[in-house]
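Report on the following structure.
One-based numbering along the sequence shown.
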Amino acid sequence: MPQVHEVWNKLNPRERLTVIGAWGVVLGWIIGLAGSYGLGGNTIALLGAIAVIVILFLKYSPSQNITWPAPISTIVLAISAVVALLALIGLLQWLSLGGLGNFFGAALIAAVVTAVGAALMAWGAWQEYQLTKPATSSTANSSGLPPTTPPPAAPPAPSAPPTTPSDTDDLPPA
């Protein structure tokens, strides 16, 4: 447990918001599992929330040195966006059923808790991504392709030979 507390202290406020949201998704899944008589809702959102918690734990864990395939903020944002989308779909699904009765009431509460947790998770991940997003290449244009280079400029025209005093003596006065 001290290692978890140590990692928690290393998290910045945006990452803490992301982890709190992930725990909200876990709590929503548990409410759906317990309140809906074992029906548990949105297991993929649960797996995404657990993945975000594990990624942030490994980021600050002192014993791990992992080479990530992409920036961690990008990975966490992608997972959080998928979880938020799935939670929103789950919430809309339960709202369309009306959420009436004991069975539907617990499932609706679980869907709401999951959606709020997913929204917090996605918002924290988005804020972290905005601060740490990879720098865009200054050589790439909006299409992602390197810019076309214009042809080289023509060399300057040769200048006239300098005038010498003997050349100006032959000219009539103006």
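Atom CH2 of W126 and atom OH of Y129 lie 6.5 Å apart (nearest 0.5 Å). Put simply, CH2 on W29 and OG1 on T43 are 6.0 Å apart, with the number rounded to the nearest 0.5 Å. Rounding to the nearest 0.5 Å places CD1 of I20 at 13.0 Å from CG of L27. The line from CD1 of I31 to CD1 of I109 is 7.0 Å long, rounded to the nearest 0.5 Å.
The side-chain hydrogen bond (donor to acceptor under 3.5 Å, both in side chains) pairs that include a residue from residues 47-60 are E15-K59, E15-Y60, where partners are two or more places apart or lie in different chains. Counting only residues at least two apart or on different chains, no salt bridge (charged side-chain N to carboxylate O under 4.0 Å, His left out) pair has a member in residues 17-27. Identified under the salt bridge (charged side-chain N to carboxylate O under 4.0 Å, His left out) test for residues 45-55, with sequence neighbours left out: none. Residue pairs meeting the salt bridge (charged side-chain N to carboxylate O under 4.0 Å, His left out) criterion with at least one member in residues 122-132, sequence neighbours excluded: R14-E128. Under the salt bridge (charged side-chain N to carboxylate O under 4.0 Å, His left out) criterion, no residue pair touches residues 84-95, with sequence neighbours excluded.
Contact record, L56 with V7: O-CG1, 4.2 Å, taken as the closest heavy-atom pair. Scanning both residues, A118 and A87, for their nearest heavy atoms gives CB-CB, 3.7 Å. Of all heavy-atom pairs between L77 and A122, the closest is CD1-O, 4.3 Å. Residues W123 and L17 come closest through the heavy atom pair CD1-CD2, 3.6 Å.
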(Q) Evaluate V19 against F57 for side chain to side chain contact (heavy atoms under 4.5 Å, CB included), listing each step before the verdict. (A) CA-CA 10 Å; V19 171; F57 178 80; over 6 Å; no

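Clustering of Ile, Leu, Val, Met, Phe, Trp and Tyr side chains at separations under 4.5 Å places L85 together with I89.
Every side-chain contact (heavy atoms from CB on, under 4.5 Å) that N9 has, sequence neighbours left out, goes to H5, R16. Listed by chain and residue number, A49, I53, M121 satisfy the side-chain contact (heavy atoms from CB on, under 4.5 Å) test with A22 (two or more places apart in sequence, or in another chain). For L91, the side-chain contact (heavy atoms from CB on, under 4.5 Å) test picks out L95, L108, A111, V112, A115, with sequence neighbours left out. Annotation: side-chain contact (heavy atoms from CB on, under 4.5 Å) contacts of I75 (sequence neighbours excluded): I55, W68, P69, A70, I79.
Taken together through direct or relayed side-chain contacts under 4.5 Å among Ile, Leu, Val, Met, Phe, Trp and Tyr, L120 and L131 form parts of separate hydrophobic clusters. In the hydrophobic clustering of ILVMFWY residues, with side-chain heavy atoms under 4.5 Å counting as a link, W23 and L47 come out apart.
Side-chain atoms of T18 come within 3.5 Å of backbone N or O of A125 as a donor-acceptor pair.
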